[in-house]
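To keep things clear, I will list the structure first and then write my remarks on it.
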Amino acid sequence: MYIQRPKGTQDLLPIDSVKRQHIEDKLRKIASLFNYKEIRTPTFEKTELFRRSIGEETDVVSKEMYSFKDDEFTLKPEMTAPVIRAYIENGLQNESPFQKLYYIANMYRHERPQAGRYREFSQFGVEAIGSNDYLVDAELISLGAKMLNEFGIGNIVFKINTIGTTEERARFLVDLKKYLNQYENKLSQDSLIRLQTNPLRILDSKTDYEIEILKNSPVLYDYLNPETKSHFDNVLNALSILEIKYEIDYRLVRGFDYYTSTTFEVLSDDLGAQNAIFGGGRYDNLVEQLGGKPAPAIGFACGLERLSMILEKNNYKFPVGEKVEYYFVTMGADAKLFSLKLMEDLRNKGIKCETDFLNRSVKSQMKEANKIDAKYVIVIGENEMKEEKFKIKNMSDSMEKIVDYADFTDYAEKNSKGK
Ligand code: HAM
């Protein structure tokens with residue numbers, strides 16, 4: 001019995017990797033267009049970082065972290081906290097008071113695996129640190145919209161909400177708890193626990209009868225101060241000007257404790273139960289909470305597996321990988337060594353080439369050249385080596401051309417550049 005990969009992880013085979021690379025290249029271009037700069041952080045961090053930022057009572061911290069060495073370290077379940085840790089530790093604030101950072105990295109959460117939900121998954125994310133201007137929210141959301149546009153993803157709902165400041169939420173939570181306490185014997189076991197530990201998350205319930213109960217519950221928006229409301233109104237107005245369609249969802253709360261004010265999520269019908277492509281929001285207190293000089297911030301992250309699932313479903317046209325330009329069909333040991341040298345010369349000119357390493361017959365080698373869709377085939381045997389000339393066969397029209405060994409690399413380079 002062979003050893004299988006761990007549950008909830010994936011192998012990206014070459015055929016998938018080409019596609020993922022295309023997605024990542026495009027995302028990097030979009031991030032750069034908005035002047036976001038890449039940041040890379042370690043795969044694991046001190047466990048305390050996530051406890052202090054994401055929150056002890058959240059699902060991720062209480063159930064899903066991969067922690068080790070007596071709980072000292074944890075494989076990162078998300079990137080916002082590590083980015084802020086790096087921002088503080090490396091004094092990025094002193095370099096420039098406003099930073100736009102992006103990342104593509106693997107995350108780890110010990111969740112129940114299902115379609116679109118993995119234990120190791122990849123996120124593209126952006127974090128804008130240092131300004132609480134509503135224009136930053138709007139620009140960051142427009143980056144998300146651009147991303148969807150670039151990949152031709154139309155079938156989505158963009159949900160937005162504001163969850164206010166810690167103080168505003170605290171006032172709301174008093175009334176929410178009072179309201180929900182009346183339904184104590186109707187709430188699910190999960191919600192009863194949350195009522196004590198993290199009542200805001202109950203708003204996120206997917207159970208029909210709880211949704212019914214929540215219909216008449218207090219609404220967080222009513223507890224917000226005029227400044228918070230005006231920030232939100234300004235964001236919405238900017239989105240309208242940018243022609244970004246949104247739906248306000250007053251029950252949209254996110255799974256981490258660090259969020260403040262603007263929160264959003266983009267959902268797609270092309271995904272199953274795990275329908276969020278990306279999500280994020282403001283986290284104006286996190287920098288200070290993690291020991292930095294106060295700096296308001298906002299960000300979002302997008303799951304690349306989910307993005308890929310949507311693209312596959314929509315028959316997105318991925319570009320084909322670069323073809324092999326020259327395939328060397330060889331006969332005999334000397335010809336093989338000679339071809340190795342020719343390939344070295346070609347590669348020095350940046351030309352992609354390949355040969356046979358399995359001592360196959362000429363016929364099988366030709367078949368292989370066809371299979372990998374090589375553009376040209378060169379057959380090298382004793383005669384070709386003696387005469388120092390060989391035939392280049394164009395595989396698309398079967399035309400042949402004889403070239404001198406001495407002229408070959410120059411010819412190949414010109415031919416390659418001419419296209
Ligand atoms: P999140 O909502 O936990 O937010 O994750 C963002 C995205 O990552 C989700 O919308 C989804 O596409 C993907 N994702 C999450 N969990 C899984 C999983 N188990 N398997 C596959 N994909 C998954 C965050 O992580 C925040 N750090 C986002 C953020 C950045 N907020 C502010 N800045």
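Just so it is clear, the structure is predicted and the values come from calculations on it, not from any experiment. Counting convention: from 1, in listed order, for ligands and their atoms alike.
- For the pair G116 and ligand 1, a heavy-atom separation below 4.0 Å is found.
- Scanning the protein heavy atoms around atom 20 (N) of ligand 1, the nearest turns out to be Y118 N, 2.9 Å.
- With sequence neighbours excluded, the residues forming a side chain to side chain contact (heavy atoms under 4.5 Å, CB included) with E368 are Y327, R360, K371, I372, listed by chain and number.
- Within ligand 1, counting atoms from 1 as listed, the ones closer than 4.0 Å to a heavy atom of E78 are 25 (O), 26 (C), 27 (N).
- Short contacts between ligand 1 and Y259, defined as distances under 4.0 Å to a heavy atom of the residue, involve ligand atoms 26 (C), 28 (C), 29 (C), 31 (N), 32 (C).
- Numbered from 1 in the order shown, with element, the atoms of ligand 1 that lie under 4.0 Å from a heavy atom of E127 read 30 (C), 32 (C), 33 (N).
- For ligand 1, the atoms sitting less than 4.0 Å from at least one non-hydrogen atom of Q123 are 5 (O), 6 (C), 7 (C), 8 (O), 24 (C), 25 (O), numbered in the order shown with element in parentheses.
- The shortest N or O to N or O distance between E305 and ligand 1 is not below 3.5 Å.
- Residue contacts with ligand 1 do not include E265, since none of its heavy atoms lies under 4.0 Å from the ligand.
- Around the NZ atom of K401, the shell of radius 6.0 Å holds no more than 12 heavy atoms that belong to other residues, nucleotides or ligands.
- Using a 4.0 Å cut-off between heavy atoms, Y258 contacts ligand 1 through its side chain alone, with no backbone atom that close.
- Annotation: G303 places an N or O atom under 3.5 Å from an N or O atom of ligand 1; distance criterion only.
- Short contacts between ligand 1 and E111, defined as distances under 4.0 Å to a heavy atom of the residue, involve ligand atoms 16 (N), 18 (C), 19 (N).
- No N or O atom of Y283 sits closer than 3.5 Å to an N or O atom of ligand 1.
- The distance criterion of under 3.5 Å between nitrogen or oxygen atoms is met by I277 with respect to ligand 1.
- Here the shortest heavy-atom pairing between S67 and T74 reads OG-OG1, 2.7 Å.
- Residue R117 has no nitrogen or oxygen atom sitting less than 3.5 Å from a nitrogen or oxygen atom of ligand 1, judged on distance alone.
- Within 6.0 Å of CZ in R40 there are 12 or fewer heavy atoms belonging to other residues, nucleotides or ligands.
- M65 is listed as a side-chain neighbour of T47, based on a closest heavy-atom distance under 4.5 Å.
- No side-chain N or O of E168 forms a donor-acceptor pair with one of Y221 less than 3.5 Å apart.
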(request) List the steps, then state whether side chain to side chain donor-acceptor pair (under 3.5 Å) holds for D190 with S188. (result) CA-CA 5 Å; D190 256 7; S188 67; 5.6 Å; no
